[in-house]
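To start, the structure under review is shown below, and the notes come after it.
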Number of protein chains: 2
Amino acid sequence: MARIPAPERRDALVEAALRVVSRRGIAQATTRAIVAEAGMSLASFHYAFDSRDELIDELITTVVAREQHAVIPEPVPGGDLREILEAGLLRYFEHLRGDPEHEQAMLELTHYALRSPERHPLAVAQYARYAELAAHSLEIAASHAGTTWDRPMEQVARVLVAFTDGLTITWLVDRDDDAARAVAHAAADALSRMAEPR
Amino acid sequence: MARIPAPERRDALVEAALRVVSRRGIAQATTRAIVAEAGMSLASFHYAFDSRDELIDELITTVVAREQHAVIPEPVPGGDLREILEAGLLRYFEHLRGDPEHEQAMLELTHYALRSPERHPLAVAQYARYAELAAHSLEIAASHAGTTWDRPMEQVARVLVAFTDGLTITWLVDRDDDAARAVAHAAADALSRMAEPR
DNA sequence: GTGCGACTGGGACGACCGTCCCACTTCGGT
DNA sequence: ACCGAAGTGGGACGGTCGTCCCAGTCGCAC
């Protein structure tokens with residue numbers, strides 16, 4: 001096997017772990033499965049990481065830091081706030097449809113982190129990151145629509161995160177595209193009513 | 001040990017399994033942990049069930065059939081539709097706050113079912129049940145408010161389920177009561193705009 | 001009361017888990 | 001050229017998992 005410095009091997013293992021979690025779930029993401037996915041031997045795993053827990057923690061941290069599927073990157077030309085928000089939510093939905101396993105993996109990682117006190121902060125950080133991305137999108141949306149949020153943006157962002165999450169889980173279960181679009185429509189409606197014309 | 005007929009033992013094991021899953025997560029719901037919770041010996045498990053998978057399947061089926069935390073059981077006297085819906089969502093939120101582990105367990109069971117093709121229908125049935133309960137609540141709400149839904153109720157119910165789920169996960173992560181109430185408010189707002197005066 | 005089917009308990013099985021050990025190979029600095 | 005550090009591979013460890021076996025015990029129909 002090619003000789004790879006430990007730091008690079010850590011990265012490769014994290015990527016392999018993400019693929020395994022996405023494809024088979026976190027319960028199946030054993031050291032052996034991850035190592036096989038990365039094409040390494042078992043010893044290389046514990047040369048790069050002290051433990052599986054350490055890898056999972058780094059996986060969550062990495063994937064959260066990388067998260068960028070901003071809900072509203074490009075505004076609808078000439079649209080009002082509600083239309084811009086809905087377009088953003090639909091854009092997220094298309095992202096979800098394109099890679100359902102990734103969002104499923106993110107959700108599983110959240111629940112995994114939620115189960116142990118020392119990992120709970122990772123889940124909190126994950127959703128704080130979501131809220132940050134949501135706030136950024138909302139800022140752009142309001143600016144393009146010429147409106148101002150009628151309460152602290154963090155609160156609006158939290159609502160958007162909740163709506164997005166609800167859309168995700170329900171669609172992952174029933175794969176009902178029309179229903180998901182209805183959720184996006186309703187969510188955009190509710191959010192747009194949290195703003196006032198500037 | 002007391003002699004218990006197999007059918008009753010099945011029930012007791014399902015109840016014990018639910019407690020274990022709620023308290024420690026489905027990954028920790030091993031045959032030994034469940035049997036210890038139920039105060040039985042390991043052999044009794046496989047006398048009542050062919051396999052752990054069979055128990056988990058029955059656990060999901062049972063707990064879904066029992067699910068009843070209707071979102072809007074009692075209408076607000078004199079309130080309009082939006083207020084009734086918000087009161088119902090807040091009622092659900094109080095239920096969630098009272099037993100967070102149960103909702104966390106339900107979510108974990110969903111993700112567990114989602115991971116194997118033969119169990120996927122269980123998750124679909126779970127969310128179909130949620131939608132059924134939601135539809136029932138919406139029916140009551142609309143009737144008390146003197147309004148009619150402007151689209152098939154199943155669609156409105158699906159949106160309510162998504163909103164409820166989003167509220168649940170985000171609150172389970174950050175335990176932010178005010179944020180959850182804001183989600184309830186926004187969700188009620190969006191839903192109420194899917195109805196017209198009768 | 002006796003027999004037979006229902007139920008119980010303890011112990012064992014093979015498989016798989018995370019982790020570790022150690023002899024070996026390769027590489028970069030001198 | 002060499003030497004220590006860095007990286008590699010295979011195999012083994014103890015532990016836990018789901019499952020199974022079997023000798024034993026209970027309760028009920030006759």
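Only heavy atoms go into these numbers, but all of them, side chains included; no hydrogens, no water, no symmetry mates. Throughout, a chain's letter reflects where its sequence line sits, starting with A, and its residues are numbered from 1.
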Give each protein N/O atom lying under 3.5 Å from an N/O atom of nucleotides 1-4 of chain D, with the pair distance.
none

Polar atoms only, N or O, under 3.5 Å: list the protein pairs with nucleotides 16-18 of chain C and their distances.
{"residue": "C:dG18", "atom": "OP1", "partner": "A:Thr31", "partner atom": "N", "Å": "3.3"}
{"residue": "C:dG18", "atom": "OP1", "partner": "A:Arg52", "partner atom": "NE", "Å": "3.2"}
{"residue": "C:dG18", "atom": "OP2", "partner": "A:Thr31", "partner atom": "N", "Å": "2.9"}
{"residue": "C:dG18", "atom": "OP2", "partner": "A:Thr31", "partner atom": "OG1", "Å": "2.7"}
{"residue": "C:dG18", "atom": "N7", "partner": "A:Arg32", "partner atom": "NH1", "Å": "2.7"}
{"residue": "C:dG18", "atom": "O6", "partner": "A:Arg32", "partner atom": "NH2", "Å": "3.0"}

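Residues passing the side chain to side chain contact (heavy atoms under 4.5 Å, CB included) test with B:Glu83 are B:Asp80, sequence neighbours excluded. Scanning for salt bridge (Lys or Arg N to Asp or Glu O under 4.0 Å) contacts around A:Asp50 gives an empty result, with sequence neighbours left out. With sequence neighbours left out, the side chain to side chain donor-acceptor pair (under 3.5 Å) criterion links B:Glu196 to no other residue. Partners of A:Ala188 under the side chain to side chain contact (heavy atoms under 4.5 Å, CB included) rule, at least two apart in sequence or in another chain, are A:Arg82, A:Leu85, A:Glu86, A:Leu89. Partners of A:Glu54 by salt bridge (Lys or Arg N to Asp or Glu O under 4.0 Å), not counting sequence neighbours, listed by chain and number: A:Arg10. Residues satisfying the salt bridge (Lys or Arg N to Asp or Glu O under 4.0 Å) criterion with A:Glu94, sequence neighbours excluded, are A:Arg97, A:Arg181. A:Thr61 is linked by a side chain to side chain contact (heavy atoms under 4.5 Å, CB included) to A:Leu122, counting only residues two or more places apart in sequence or in another chain.
When the P atom of C:dT19 is taken as reference, atom OH of A:Tyr47 falls 18 Å away, rounded to whole Å.
Checked by atom type, the side-chain pair B:Asp165/B:Tyr130 shows no donor-acceptor distance below 3.5 Å.
For residues 22-32 of chain B, the set of pairs meeting the side chain to side chain donor-acceptor pair (under 3.5 Å) definition, not counting sequence neighbours, comprises B:Arg23-B:Glu37. Here ring-ring contact (aromatic ring centres under 6.0 Å, His included) pairs that include residues 152-177 of chain B, with residues two or more places apart or in two chains, are A:Phe163-B:Phe163, B:Phe93-B:Trp171.
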Item checked: Contact pattern, 5' to 3', of nucleotides 21-30 of chain C - B, S or - by protein heavy atom under 4.0 Å -> B---BB----
